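Below you'll find the structure, written out as structure tokens, and then a few comments.
One-based numbering, in listed order, for ligands and for the atoms of each. Everything quoted here is computed from the prediction, not taken from an experiment.
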Amino acid sequence: MSETPTQAAIRAQQLRELLNHHAHLYYVLDAPELPDAEYDRLFQELQALEQARPELLTADSPTQRVIGRVLDGFAHVRHAVPMLSIRTETDTSPAGAEAFDARVRRELSLGETDAPVEYAAELKFDGLAMNLRYECGLLVHAATRGDGETGEDVTQNIRTIKQIPLRLLGVDAPVLEVRGEVYMRRDDFEKLNERQREANQKTFVNPRNTAAGAVRQLDPALAAGKPLSFFAYGLGEVQGWDVPETHSAMLDAFARMGLPVSTDRVVALGAAGLVDFHRRIGEKRDKLPFDIDGIVYKVNSRALQARLGFVSREPRWAVAHKYPAQEQLTRLNAIDVQVGRTGKITPVARLEPVFVGGTTVTNATLHNLFELRRKGVRVGDQVIVRRAGDVIPEIVGRVSVQRPSYVANFRMPAACPECGSAVEREKGGIDHRCTGGISCPAQRKQALLHFASRRALDIEGLGDKLVDQLVDGGIVSSLPDLYKLGVAKLAALERMAEKSAQNIVDALEKSKNTTLARFLYGLGIRQVGETTAKDLARHFGAMDKLMDASIEQLLEVPDVGPVVAHSIHTFFAQPHNCEVVEQLRAAGVQWAEGGGAADAHGPRPLLGKTLVLTGTLPTLARDAAKDMIEAAGGKVSSSVSKKTHYVIAGEEAGSKLDKARELGVTILDEAGLMALLNSH
Ligand code: IVH
């Protein structure tokens, strides 16, 4: 240890302050100023320092958001000040706000000529209430509401929430209890469920239940896997802190202490101000990144709050003004399937129309067969439908009641409802897919775009909008139709000039001369990316041989495994797919058989070599470099590993370059790459 104990202590203190400051910028203000890597470096420096000198460790050190041990149960905590709830106004119309204001004015004996009451209006977050106890600025306890008198000590889990400061800024009051809501953001919830679905695991019902489950999770490692957030909105016990005179000023003070406070709040005057806020937030409710179930109105002045007092454990000075619920019960009338643009077949619930989250919902996704089975829903069941934000409505479960025994369980159809092709599930996968590919109308637009894309047939000008026009107008329904397009037909389309039409016809003409690899890739066979297409072209050399290949023959291709082989075989087993190939040939599309000219001829100095491209090269575009490497027999990979032979680095190369240095991989610039390509 080169530093003296004092120097080390000063440095540790500096690091803690720096890290806490940047964590606040990152997690609370969403305005990071430090690159992640630099934050990590400082964090590691502090960790090392604390390890070397354990006496330097403090409770507010950012290294102490550690995942603790598994608990047997939670200790009970008696709240110094009871955690109350608020009265709910269920009339979701403006009348709800007007009734509250009228009641407050009456209680305060205000007459018609008296000034309007000032309110703090804020969001009603849909999570669970939490009491954070800070002593001398340090987080010492976190407790759930429980029955309002006694809650559970969930400190260990709450400390893992990065938005919650372990030390308040500029506060050393002996006691300051901050109350607020722990919740889960919708995107975090969706990501979590997406992960669950991928792992074929049970999905979570809604963000609120998931947050509540995470907080009350005895194993903190499991809790930490469910990202939670927090908003402060109230006060518990206070000793030695001058509480501001208004609720809104108190929230401002919380924000200055480093606590997350929602910015969607106003000081509103009278009923009109409340109604306005309720309407404004109602309009943007779907776009908020988290669920809310209403607005909370609070009399802003603490003096007036004291005058109003409480009635049966509810403050007279606050009310929750609801919005239409985001979950509702309804009847499941039927289960159909829908074919997506990638061929994925999704079971869709047809529902008895129900008003949820502000709109009438008649359909909801059931995601996949396995999720449907896990939820155990059958036609005729009463189901819970959830619609929150812009997310598509979902069935979260069913109400268990006896159902007639004759209701059959749902089965995936054997044939695609759009095109009649076989429906298949990949081995080990959870999604069912239509094998129709290019001949399935649901997949048509996607298939056309893919066929025309730069690394396939490279048809310049055939983009999203044009494909929409062509398919929706019934002008193009299969790949061969593209080559029937003439200038007149194209120029007749809306917003299409004669010149552009001619350009597209020229581009189509040009695309007819291609390579077998590009053509194969362009067909959009599942599992056949560019590299596989090249491998196949090289191995079979001719389209007909590939189309006739058995699974065993396909497996002989280097890097083709059972899943890929099966996918190719199924594709060519569908007569309409073979027809498409024939029609394209008839339209004049031709390719140099034998894997493309570049592959078949010339020296291959990079055979068996794997290269990684990173950063911007001075003259070569990424695709051009890739083409040249592959033409020379090399492979381009996207990540650096011990198996990488060369890393070609350009301007602003990032972590891949660091990784290459770390692993001792040879690093070359563009000139070095050119030298390699010319070495034979
Ligand atoms: S104030 C004495 N403000 O709603 C007032 N509560 O029944 C105490 N909630 O348990 C609550 N957002 O979990 C308050 N902005 C907000 C809130 C809020 C959500 C929850 C909280 C409480 C329940 C009220």
Relative to the heavy atoms of [X], which atoms of ligand 1 are at a distance of less than 4.0 Å?
X	value
E122	3 (N), 15 (N), 16 (C)
A129	10 (O), 13 (O)
S85	7 (O)

**Study point:** Close approach, M83 and ligand 1, non-hydrogen under 4.0 angstrom
**Key:** no
Review point. Are G234 and ligand 1 in contact, using a heavy-atom cut-off of under 4.0 Å?
Key: no
Exercise for review: Would you name the heavy atoms of M184 and L192 that are closest together and state the gap between them?
Suggested key: CE-CD2, 4.2 Å
**Study point:** Any N or O of F125 closer than 3.5 Å to N or O of ligand 1
**Key:** yes
Review point. Could an N or O of ligand 1 be found under 3.5 Å from any N or O of L84, whether backbone or side chain?
Key: no
**Study point:** F231/F290 under ring-ring contact (aromatic ring centres under 6.0 Å, His included): CA gap, chis, key distance, verdict
**Key:** CA-CA 11 Å; F231 276 130; F290 44 81; 5.4 Å; yes
Review point. Please walk me through it: do F277 and Y297 pass ring-ring contact (aromatic ring centres under 6.0 Å, His included)?
Key: CA-CA 10 Å; F277 186 69; Y297 307 139; 7.7 Å; no
Revision key, fill the gap. Honestly, for D126 the part within reach of ligand 1 (heavy atoms, under 4.0 Å) is neither
Exercise for review: For ligand 1, indicate whether the residue K124 contacts it via side chain, backbone, both or neither (heavy-atom separation under 4.0 Å).
Suggested key: both
Review point. Do W241 and M250 touch side chain to side chain, with heavy atoms closer than 4.5 Å?
Key: yes
**Study point:** Options F231, F310, Y183, Y233, ranked by nearest heavy atom to atom 21 (C) of ligand 1, top entry
**Key:** Y233
Check your understanding: Nearest non-hydrogen atom to atom 3 (N) of ligand 1 belongs to which of K298, R179, R145?
Key -> K298
**Study point:** Heavy-atom donor-acceptor pair, H79 side chain to R145 backbone, under 3.5 Å
**Key:** yes
Practice item. Give a yes or no on whether the backbone of A320 and the side-chain of E89 come within a donor-acceptor separation of less than 3.5 Å. Key: no
I need the nearest protein heavy-atom contact for [atom]: residue, atom name and distance, please.
atom	result
atom 2 (C) of ligand 1	P315 CG, 3.6 Å
atom 7 (O) of ligand 1	I86 N, 3.0 Å
atom 20 (C) of ligand 1	E181 OE1, 3.5 Å

Check your understanding: Quick check: are there more than 12 heavy atoms from other residues, nucleotides or ligands sitting under 6.0 Å from CZ of R313?
Key -> no
**Study point:** More than 12 heavy atoms of other groups within 6.0 Å of D242 CG
**Key:** no
Exercise for review: Report yes or no: do E245 and S301 form a side-chain donor-acceptor pair below 3.5 Å?
Suggested key: no
